[in-house]
Amino acid sequence: MRETTPSPAKSGLSFLRAIIGLHPRRLGIATLFLVLGTLTEGLSLLLFLPVIHLVSEGRDVVDLTGLPLPQGFPDSAPLSMLLLAIICLTGGLVLFGRLKGVYLARLVYDFSDRLRLGLFSDVAAADWSQVIRIPRSRLEHALTEDIDRVHVAAYSLLNILQSVVGLVIYLGLGLMISPLMTLLCLAIGGLALTLLRPYRRAATAYGASLQSQRLRLSQTIKEFTRAMKLARSMNLEPRYQSLLGEMLRQTRDGSLSYVRKSLVGSGLFQLAAATGAALFIWVARSWAQMDLARIAVLLLLFLRAVPRFSGVQASLQQILVDLPAWDAVRRLQAELSCSRDPDPSVEEPAARPLSEISLCNVTWRFPDAPRDTLDRMSLTMRAGQITVLTGPSGAGKSTVADIVMGLIRPQHGKVLVDGVPLAASQLRSWRDRAAYITQDPLLMNASIRANLALAMPGSDPEAEETMQRALRAAAADFVSRLPGGLDHGVGDQGGLLSGGERQRIAFARGLMRNPDLLVLDEATSALDLQNEESLVRTVQSLRGKTTILVITHRPALVAIADAVYVMENGRAIGKSPDGPRREAQISPAVSIT
């Protein structure tokens with residue numbers, strides 16, 4: 001189904017509601033700051049009116065009776081005191097502006113951080129079957145660049161609020177001096193904003209184009225950096241360089257085109273402001289017959305109001321440029337919310353398997369796939385035994401592992417633990433009882449110690465000894481020979497280690513969980529025969545203690561199986577293993593720690 005892009009007005013309204021709904025009280029305080037700041041600034045300008053009168057008449061005492069000042073204010077003041085008051089008021093404005101700026105910055109950061117954490121939580125809480133449908137580059141782009149652009153849009157929205165508050169106050173002060181000239185100022189500004197509407201449409205088009213261009217650029221860069229070894233081996237660097245250069249050219253051309261249009265619009269606005277100021281002075285002097293002092297103050301108010309009009313235009317354009325990033329984040333949140341993992345607050349404990357784990361008539365089909373990956377498949381794993389699942393690539397073996405692990409739920413059929421269906425509310429607890437070691441294990445760009453510590457939540461005074469035991473059991477003695485040992489860095493995604501070394505560290509990490517269920521998905525594919533034999537012995541030693549599902553084509557692991565299943569046409573066909581069968585009795589869990 002093709003996604004419909006919301007109109008700028010609809011997107012802007014949802015964006016405004018999000019900001020107001022997140023911090024209504026704090027937004028009200030921010031508005032109060034803006035009002036007080038602009039009122040104080042307007043008062044300092046208003047004080048120039050009697051100063052101009054005084055200077056023009058050559059007197060030293062200022063008559064304050066004509067000014068709209070609070071009750072109790074003196075009727076007159078010496079020039080020196082009035083100038084000192086203006087200086088003090090300006091100093092107070094500087095301090096107040098700092099306080100206001102920090103408060104507004106904190107408000108915007110809280111909004112963008114809340115949005116980023118919310119999206120991160122949505123990704124973490126989404127059902128795995130939904131997450132795997134979304135490209136990783138899109139998730140990363142939304143969590144970083146898209147929300148950074150939303151942050152800029154939030155600042156622009158507050159700038160509009162500040163400009164509007166300033167306009168209202170300055171126009172209100174102008175009305176006290178001359179309603180006619182104030183209305184003329186409002187008409188000039190409103191006309192200028194209306195005439196600049198085509199430039200706001202250009203900002204909308206540029207924002208949509210920029211969103212797609214930056215996403216493609218991000219995808220290309222991530223694709224190259226993650227497949228750099230392949231690119232080097234196939235001499236694909238020129239192809240990626242050419243592709244990236246073309247994307248940068250398109251982005252640059254689009255940006256320059258928009259900048260040209262924006263500068264034309266800004267120039268037209270400045271021209272309109274200058275024309276308006278000239279008209280303002282002519283009307284005030286020739287038609288309204290105003291004195292020089294009032295014209296000077298009104299002109300000062302006019303010149304303070306004009307930047308507010310241009311600020312509204314500039315901020316509106318910036319919001320329209322960045323609104324597509326807001327739409328992208330909202331669309332992603334909607335997709336992730338379609339299917340979610342059970343709420344951890346209603347998590348129920350999952351029992352340790354004592355007899356068997358069964359898949360009963362399980363069906364699974366990937367979205368848009370032409371046929372079922374698993375078709376009413378049934379499989380039984382005896383507790384404490386080694387069950388091997390083999391078959392051709394793409395037969396659904398890894399999907400079986402995901403279902404057994406509780407990462408995805410069957411679309412039809414059930415997962416049974418000792419004959420009792422595994423409920424959705426038990427999946428998190430079930431995963432706490434399991435360890436999953438894949439063909440291409442994920443290692444963080446950190447030390448070996450930090451990667452192993454993922455299996456040990458909380459502090460453990462015997463953590464180092466536990467890690468060493470797990471590494472020995474995983475045939476990972478090479479760690480002791482590395483510079484720094486456990487503190488040796490593994491590089492990005494474990495790139496400083498060989499494939500076999502990564503698999504052995506991942507195996508050790510899985511053993512440190514002391515799992516009741518151990519799932520090995522081609523977990524020895526990168527090992528040499530000697531290290532594979534060591535791991536096979538470790539797997540054998542877990543018989544009777546841990547229920548083990550092994551997905552493999554390696555004869556050494558098939559040879560130790562208690563049961564072997566072959567995947568065919570979405571079903572698991574039982575096959576007698578070579579060698580004597582063993583009836584394993586589940587024994588109390590033996591902790592590696």
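For clarity, every value in this text was computed on a predicted model and none was experimentally measured.
By the ring-ring contact (aromatic ring centres under 6.0 Å, His included) test, F366 pairs with W364, sequence neighbours left out. In this view, K222 and E140 satisfy the salt bridge (Lys or Arg N to Asp or Glu O under 4.0 Å) rule, not counting sequence neighbours. With sequence neighbours left out, the side chain to side chain donor-acceptor pair (under 3.5 Å) criterion links T251 to no other residue. Judged as a side chain to side chain donor-acceptor pair (under 3.5 Å), and not counting sequence neighbours, the contacts of S398 are D521. In terms of the side chain to side chain donor-acceptor pair (under 3.5 Å) criterion, D492 has no residue partners (sequence neighbours excluded). Under the side chain to side chain contact (heavy atoms under 4.5 Å, CB included) criterion, D122 pairs with Q333, L336, R340, not counting sequence neighbours. Evaluation of the ring-ring contact (aromatic ring centres under 6.0 Å, His included) rule for F478 yields no partner, not counting sequence neighbours. Judged as a side chain to side chain donor-acceptor pair (under 3.5 Å), and not counting sequence neighbours, R376 has no contacts.
At most 12 heavy atoms of other shown residues, nucleotides or ligands fall within 6.0 angstrom of atom CZ in R98. At most 12 non-hydrogen atoms from other residues, nucleotides or ligands lie less than 6.0 angstrom from CZ of R106.
For S218 (side chain) and L215 (main-chain N/O), no donor-acceptor pair under 3.5 Å exists by modelled atom type. A distance-only check finds no donor-acceptor pair linking the side chain of E533 to the backbone of Q530 [under 3.5 Å].
Under the side-chain hydrogen bond (donor to acceptor under 3.5 Å, both in side chains) criterion, the residue pairs touching residues 437-454 are R449-E464, R449-D487, with sequence neighbours excluded. Residue pairs meeting the salt bridge (Lys or Arg N to Asp or Glu O under 4.0 Å) criterion with at least one partner in residues 393-411, sequence neighbours excluded, are D127-R409. Pairs of residues two or more places apart, or lying in two chains, that qualify as salt bridge (Lys or Arg N to Asp or Glu O under 4.0 Å) and include a residue from residues 111-120 are R116-D148.
The aromatic rings of F15 and F111 lie perpendicular to each other, with more than 60° between the two planes, well past the 30° mark. Between H151 and Y109, the two ring planes are tilted [angle within 30° to 60°].
Between R216 and E223 there is no salt bridge, since no side-chain nitrogen of the basic residue lies less than 4.0 Å from a carboxylate oxygen of the acidic one. Salt-bridge annotation for D110 and R26: present, with a side-chain N of the basic residue lying under 4.0 Å from a carboxylate O of the acidic one.
When side chains are defined from C-beta on, M381 counts as touching L379, because their heavy atoms get closer than 4.5 Å. For the pair I437/V519, no side-chain contact is recorded, criterion being any heavy-atom separation below 4.5 Å from C-beta on.
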Donor-acceptor contacts, no H, no angles, side chain residues 548-561, under 3.5 Å, sequence neighbours left out:
| unit_1 | atom_1 | unit_2 | atom_2 | d |
| --- | --- | --- | --- | --- |
| T552 | OG1 | R554 | N | 2.9 |
| H553 | ND1 | E522 | OE2 | 2.8 |
| H553 | NE2 | G391 | O | 2.6 |
| R554 | NE | E532 | OE2 | 2.8 |
| R554 | NH1 | T524 | O | 3.4 |
| R554 | NH1 | S525 | O | 3.2 |
| R554 | NH2 | L527 | O | 3.1 |
| R554 | NH2 | E532 | OE1 | 3.4 |
| R554 | NH2 | E532 | OE2 | 3.4 |

